[in-house]
Amino acid sequence: MERKWEAKLKQIEERAACYERKPLSSVYRPRLSKPEEPPSIWKLFHRQTEAFNFVKSCKEDVHVFALEYKVGDGQRIYLVTTYTQLWFYYKSRKNLLHCYEVIPENAVCKLYFDLEFNKHANPEADGKKMVALLIEHVCKALQELYRVNCSAEDVFNLDSSTEEKFSRHLIFQLHDVAFKDNIHVGNFVRKILQPAFHLIASEDDSISEKTGHGFSHFSETPIKQGISFGKMSPDQDGGESWTLNSEELERPGSAKQSSPDLSFLVVRNNTGEKQLFVDLGVYTRNRNFRLYKSSKIGKHVALEIAEDNKFFPKHSETVSEENQCFLSSLVSNVRILVDLKNEVWYQKCHDPVCKAENFKSDCFPLPAEVGLLFLLKEEEEFTATETMNSETENPHKPPSSMLSKGVASDADWDNGIDDTYFLEATEDAELAEAAENGLLSYYSGVDEIPDELILQVLQE
DNA sequence: CAGCGCTACCACACCCC
DNA sequence: GGTGTGGTAGCG
């Protein structure tokens, strides 16, 4: 006993001497960059607005993430950091298990879907098939509305299904195309799903079966559905929101094609009511979207790549496959330079005559107010690096200061005042590479730091 | 000390036939 | 009974 105690004492003394020779630095600052480079950013906030204010004050390419930290009530704190640094701490999946991307309001973003149904309430439903049919419908709609070509291969298919629930996230990787913001994504989604709404409006079971069988006669039924590709007209405000004009919709021939059969989207909730497979509640301001490989707190099911996924990010020599998937799965990870005023379709859409005629069919595409969309045009000189799936590093990459934060306000957009948009730079191959390779040596053994920092903030 | 942004729903007031 | 308004429980 006595001897054991002495050994312990000696051990402690040795450690004390060791710390005396090499004292710990007084303030720990997590850094991914080398000392001569600008310091890394890792900041936590209790309030979302504070986080966004900090982002505004920050010249680095930082983003807001929400972290669940209490089981039950869904309380979140907000982390501001770069994609690179988040991935560095995130990738081990030992900490930061319940992270969400905050899709900022007014930020350009990808087309995304949250799909779910209760398996017990829908024993017949084939989730995979429903996803495939939805993708088909969306691709058709993109083609109809905006002449945008896409296929199943352009869609990132993320699964977090359980025994009870089928649950998927779809993220469309459309080439050179993005939405103004997620509110516009919502407008677009509601528009293309318009024909499905009447299917859930009635409690009568026979309706869905009727439409199932009699689909080919759909155009002859007295209920003319608001074919999603009909014209739009402004509401009384003449303002931002647009509503479907029923007269236009009921006029035969006003639609480009007959209403598609969307009965496959109708599912039952656990109380037996009809609802859509597509969750329309996810297109709100500052929506939290669960990150690739994150689970909801209290659950153990993370978002993983679906079995039938066909989207594969381009292979990169410098960025790991997982990191590429992570970057591709971020809804607001959109970059590339846009110069709208040189686009013919854009000029047409802002031409007063064209506007007065309520966007005749030869005017392409529909006004931005109805949902989509604009083309992302890359500047030739930095095409290689600025593309999401770039393979090679380009020495002519513009300085990050060229890539200004965010997008102009709604008013600017609608008035066409500022037609040139520099979207945020996001994925930075150089930094990602650094995080992948060279940095572990700097921080070996400090993988737990982010959670400690979170704890510290919570205790303050 | 400490989340956020909705929408569906309800209660109530007011109006009109 | 129809319509507008204001407040809130609860969902995503």
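What's counted below: heavy atoms across the whole structure, side chains too, no hydrogens, waters or symmetry copies. A, B, ... follow the sequence lines: proteins, then strands. Residue 1 opens every chain.
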Partner of A:Asp154 under side-chain hydrogen bond (donor to acceptor under 3.5 Å, both in side chains), picked from A:His175, A:Lys310, A:Gln173, is A:His175

Between A:Leu79 (CG) and B:dC4 (P), how many Å, whole number?
15 Å

Among C:dG12, B:dC4, B:dA2, the one nearest any side-chain atom of A:Val282 is C:dG12

Rounded to whole angstrom units, what separation is found between the NZ atom of A:Lys296 and the P atom of C:dC11?
12 Å

So, A:Phe172 versus A:Phe113, ring centres under 6.0 angstrom or not?
yes

Below 4.0 angstrom from OP1 or OP2 of B:dC4, is there any side-chain N or O of A:Arg76?
no

Taking CD1 from A:Ile183 and C1' from C:dG12, how many angstroms apart are they, rounded to a whole number?
14 Å

Measure from CZ on A:Arg287 to C1' on B:dC6 and round the result to the nearest Å.
8 Å

With a cut-off of under 6.0 Å to the ring centre and 45° to the axis, is A:Arg168 in cation-pi contact with A:Phe166?
no

Which stems, defined as runs of 3 or more consecutive Watson-Crick or G-U wobble pairs with both pairing distances under 3.5 Å, involve DNA chain C?
B:4-15 with C:1-12

Within the pair A:Gln48 and B:dA2, is there a side-chain N or O less than 4.0 Å away from OP1 or OP2?
no

Within the pair A:Asn286 and B:dG5, is there a side-chain N or O less than 4.0 Å away from OP1 or OP2?
yes

Nearest whole angstrom, please: distance from the C1' of C:dG12 to the NZ of A:Lys165.
9 Å

List the steps and the verdict of side chain to side chain contact (heavy atoms under 4.5 Å, CB included) for A:Glu116 and A:Asp279.
CA-CA 7 Å; A:Glu116 54 190 38; A:Asp279 183 353; 4.1 Å; yes

Going by the rule ring-ring contact (aromatic ring centres under 6.0 Å, His included), which residues pair with A:Phe54 if we only count those two or more places apart in sequence or in a different chain?
A:Phe45

The nucleotide from B:dC6, C:dG12, B:dC4 with an atom nearest the side chain of A:Arg285 is B:dC6

How many Å lie between CG on A:Asn182 and P on B:dC6, as a whole number?
10 Å

Please report the distance, rounded to the nearest Å, between CG in A:Leu115 and C1' in C:dG12.
14 Å

From the set B:dC4, B:dG5, C:dG12, return the single nucleotide nearest to any side-chain atom of A:Asp279.
C:dG12

Looking at A:Glu304 and A:Lys293, is any side-chain nitrogen of the basic one under 4.0 Å from a carboxylate oxygen of the acidic one?
yes

Length of the line joining A:Arg190:CZ and B:dC6:C1', which is rounded to integer Å
11 Å

Quick one: is the NZ or CZ of A:Arg268 closer than 6.0 Å to the six-membered ring centre of A:Phe117, and within 45° of its axis?
no

A:Asp114 side-chain proximity, nearest of B:dA2, B:dG5, C:dG12:
C:dG12

